[in-house]
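We name chains A, B, ... by the order of the sequence lines, and we start the count at 1 in each one.
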Amino acid sequence: MDRFDALFSQLDRWLGAVLDVVVIGLAGLLLLLLNWAVFARFVLNDSVSWGEELPAHLLAMLTFIGAAYLTRTNEHLGFDAVLRVMPPKMMRVVTALNLILMGFFGLLLAWYGGIAAASFGARSLISIDAPMALFRGAMPFGGALIALFCAVRLVGIVSGRIDPLDLLPESDA
Amino acid sequence: MFLDPGWMILILLVTLLIAGLPIAFVLGVTAATMIILDPAVMPQIIGLIPFGGANNYLLVAALLFMIAGEIMNQGKIAEKLIAFASSLVGHIRGGLAHVNILTSLFFSEISGTATSDAAAIGSVMIPQMKKRGYPVAFAAAVTSTSATMAIIVPPSLNLILYAYVANASIAELFAAGIVPGLLVCALLMGTAYAISVKRGYPTEGAFSFARVLETGKDAALPLTLPILVLAGILGGVFTATEAGAIAAFWSIVLAMGVYRTVRMGTVVDTLRIAGKRSAMLMFIVATSTLLGWYLTNQRIPQDIAEAILGLSDNYWVVLLVINIFFLLAGTIIHGTPAILMLVPIFLPLADQLGIDRVHFGLILTINLGIGQQTPPVASVVLITCAIAKISIAKIIPSMLMFIGAMLIALLLVNVFPALSLWLPSVIL
């Protein structure tokens, strides 16, 4: 069990590091691309063809991969004033139910998002030769990661190894 | 379905929200449940609609303005704005309170978010106000309430989001936010003045034109940013997203190249913070788009509009009901989900009443700004309290007068649509 735990926490840390790099990379790429688009339009007088379509698709990638990252770091925005004042046992049960619902929604995104991404096949974006499935794939990928992170946390909550208070989203109470 | 879809959605939303499920998942799980239970809807839609919601060029602007605001925050740019504001209004009774409010207005024109505003201004102004003998609760109350201007004046992220949901012109909304923003600023300064006179708070020396010029020189570069952004968008030279790119680039040049207050590591940290905040916002957008699609599919917003108009079709009564609803919603939901949840429901009602969409956007954002100055959802107040090291319970009494001033601004904007619609009609 200890080896299993160690393996999982190592995988969790590794995934966290990868997601961190991806989120920083996508935000940085959007910053660079949009500035290049502005420079090309106003200075070079030669607008880029991908000026709107590519940044919008990159933002969609950032959305779903970032959502998985936020699930791992427990930073999704929420209203937890009631949950915080619940008796400990009830808080544990409600947190477990929340994780099940989040994981379920992650699975739905992964399954139906996967079907949608596959249906776009080898099609490219209109303005640039980049496969649409690459961008569409971020949704099933992010959904699957959300489900994975929720499953790991659910095991921790049920076994008592994780305190529900550690999983609460950003607090406003 | 064993229950009317509208009621079932309401019950699911309220239950899941109270249970502490993150808001993006509250919206997503509710929408997915309704879609799966409804035999008339293909569940494959779950794989299409959220991506469509997140795949949005206009909302890239939100990420870019977040980067600009955060760089300005980390780069200690606020201090230069404070010195300039101090030279302009420091001589008035309660000088530092006015400096705090005016700097908030300047910084609002750069940051677009009330939380960045409160963090940047509060960390400098609250200790200074404490040193000059102002009660901590008063200093925190001024900081927190004045930060609200960031969601009213351009480049307000809430207005960008509203433009997307309501399909309204972002240029018109930005122009429409300027006069109400100045009105809120004037009313907050008036309130601070009245309190300062009554309590005998100090001034910061006599007015000196030489000092205005000297500090103005230091603040000129940061202040070029909002001028550039506004002139560019309102002049139709560039889009809001391009303006965001220019703002982010210019803030990095200023902080790294000119003032040397930020290093590469800070830029990477800023990209992480802005990337995560943007993902947080956009995931709510994605899941709310799914719920919005289902609501529209079931004609629920139209039904709600008809039900409210069935109670009364008097313009002012319905407007009052809408305002009360927005205010209450603002106290329990954050600005982003509130806009995404409420606009699709109330926009048909506003359209039927003949309320201009730009004016409606301003009414909504001012309401949400006021609502977010009160618990349980009060991120700005929380940040201010953390900086001031004071509890929310202690700051609330000091905030009441300022919240009252903002309510007066809200009333005026409601009663006189020209306050928001005049400027766009003149310059656009």
Side-chain angles (χ1 to χ4, degrees), chain A residues 20 23-24 26-28 30-31 34-35 37-38 41-42 52-53 55-60 62-67 69-71 73 75-84 94-95 97-98 101-102 104-105 108-109 111-117 135-136 138-140 168-173, chain B residues 16-26 28-29 32 36 43-48 50-51 53-57 59-60 63-64 67 237-238 241-242 244-246 248-249 252 267-268 271-272 274-276 278-280 282-287 332-334 336-337 375-379 382:
Chain A
D20 191 56
V23 165
I24 292 171
L26 283 170
L30 277 164
L31 177 65
L34 263 302
N35 273 291
V38 169
R41 189 176 151 204
F42 292 102
E52 292 197 10
E53 193 188 21
H57 276 76
L58 285 170
L59 183 67
L62 176 65
T63 300
F64 295 103
I65 294 173
Y69 188 24
L70 294 167
T71 304
T73 54
E75 286 179 280
H76 277 293
L77 206 58
F79 172 73
D80 56 17
V82 179
L83 192 59
R84 278 179 189 274
V94 173
T95 305
L97 288 173
N98 284 346
L101 289 174
M102 288 167 71
F104 168 70
F105 186 64
L108 287 178
L109 289 181
W111 178 252
Y112 290 115
I115 292 172
F135 301 98
R136 291 265 171 187
M139 188 164 134
L168 287 183
E170 187 178 295
S171 169
D172 275 316
Chain B
L16 297 177
L17 195 69
I18 289 173
L21 193 70
I23 288 167
F25 290 92
V26 170
V29 168
I36 288 168
Q44 281 81 355
I45 207 80
I46 296 169
L48 291 167
F51 190 89
N55 176 7
N56 187 292
Y57 175 69
L59 294 180
V60 180
L63 167 76
L64 297 166
I67 293 173
V237 182
F238 40 71
T241 307
E242 287 171 335
I246 293 166
F249 176 74
I252 291 172
V267 175
V268 173
L271 290 176
R272 177 187 295 112
K276 281 162 82 173
S278 177
M280 189 193 287
M282 291 306 298
F283 194 49
I284 298 173
V285 169
T287 56
I332 57 164
I333 324 173
H334 280 273
T336 302
V377 170
S379 351
L382 268 185

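Rounded to the nearest 0.5 angstrom, B:N56 CG and A:H57 NE2 are separated by 11.5 Å. Put simply, CG on B:L59 and OG1 on A:T63 are 9.0 Å apart, with the number rounded to the nearest 0.5 Å. With values rounded to the nearest 0.5 angstrom, A:L30 atom CG is found 8.0 Å from B:I67 atom CD1. If you take CG on A:L34 and CG on B:L64, they are separated by 5.0 Å, rounding to the nearest 0.5 Å. To the nearest 0.5 Å, the span separating CG on B:L21 from OG1 on A:T95 amounts to 10.5 Å.
Heavy-atom distances place no part of B:T336 under 4.5 Å from chain A, backbone and side chain included. The part of B:L16 that comes within reach of chain A is its side chain, from C-beta onward, which places non-hydrogen atoms under 4.5 angstrom from that chain. Both the backbone and the side chain of A:F135 come within less than 4.5 Å of a heavy atom in chain B. Within the 4.5 angstrom heavy-atom criterion, atoms from both the backbone and the side chain of B:I246 approach chain A. Residue B:I18 touches chain A through both its backbone and its side chain, counting heavy-atom pairs closer than 4.5 Å. Residue B:A274 does not touch chain A at all, counting heavy-atom pairs closer than 4.5 Å. In this structure, no portion of A:L26 lies under 4.5 Å from any heavy atom of chain B.
Smallest separation of non-hydrogen atoms from B:M280 and A:E75: CE-O, 3.0 Å. Of all the heavy atoms in B:L271 and A:G28, the pair that sits closest is CD1-CA, 3.8 Å. Between B:G20 and A:L83, the closest heavy-atom pair is CA-CD2, 4.3 Å. Among all heavy-atom pairs drawn from A:R41 and B:F238, the shortest one is NH1-CA, 4.5 Å. What you find for B:G47 and A:A116 is that their closest heavy atoms are O-CB, 3.4 Å. Summarising the geometry of B:G275 relative to A:A27, their closest heavy-atom pair is CA-CB, 4.2 Å, with the distance given to 0.1 Å.
Using bins of under 30°, 30° to 60° and over 60° for the plane-to-plane angle, the ring pair B:F51/A:F64 lands in the parallel bin. Ring geometry for A:F105 against B:F283 counts as tilted: the plane angle lies between 30° and 60°, on a 0 to 90° scale.
A heavy-atom distance below 4.5 Å is found between the side chains of B:S278 and A:L62. Taking 4.5 Å as the limit, some side-chain heavy atom of A:R136 sits within range of a side-chain heavy atom of B:L48.
Ranked by heavy-atom pairs under 4.5 Å with chain B, the first of A:I115, A:V94, A:T71, A:L31 is A:L31. No other option in B:G53, B:A32, B:A286, B:A245 has as many heavy-atom pairs under 4.5 Å with chain A as B:A245. Counting heavy-atom pairs under 4.5 Å between each of A:A37, A:G66, A:A56 and chain B puts A:A56 at the top. When A:L58, A:L70, A:V23, A:L101 are compared by the number of non-hydrogen pairs under 4.5 Å with chain B, A:L70 comes out ahead. Of the listed residues A:M139, A:M102, A:E53, the one with more heavy-atom pairs under 4.5 angstrom with chain B than any other is A:M102. Annotation: maximal heavy-atom pairing with chain A below 4.5 Å, among B:G244, B:P50, B:P43, B:A24, occurs at B:P43.
For B:V237, the side-chain contact (heavy atoms from CB on, under 4.5 Å) partners are A:F42, not counting sequence neighbours. Applying the side-chain hydrogen bond (donor to acceptor under 3.5 Å, both in side chains) test to A:Y69 and every residue at least two apart in sequence or in another chain returns A:D20.
The environment of CZ in B:F249 is sparse: at most 12 heavy-atom neighbours from other residues, nucleotides or ligands sit within 6.0 Å.
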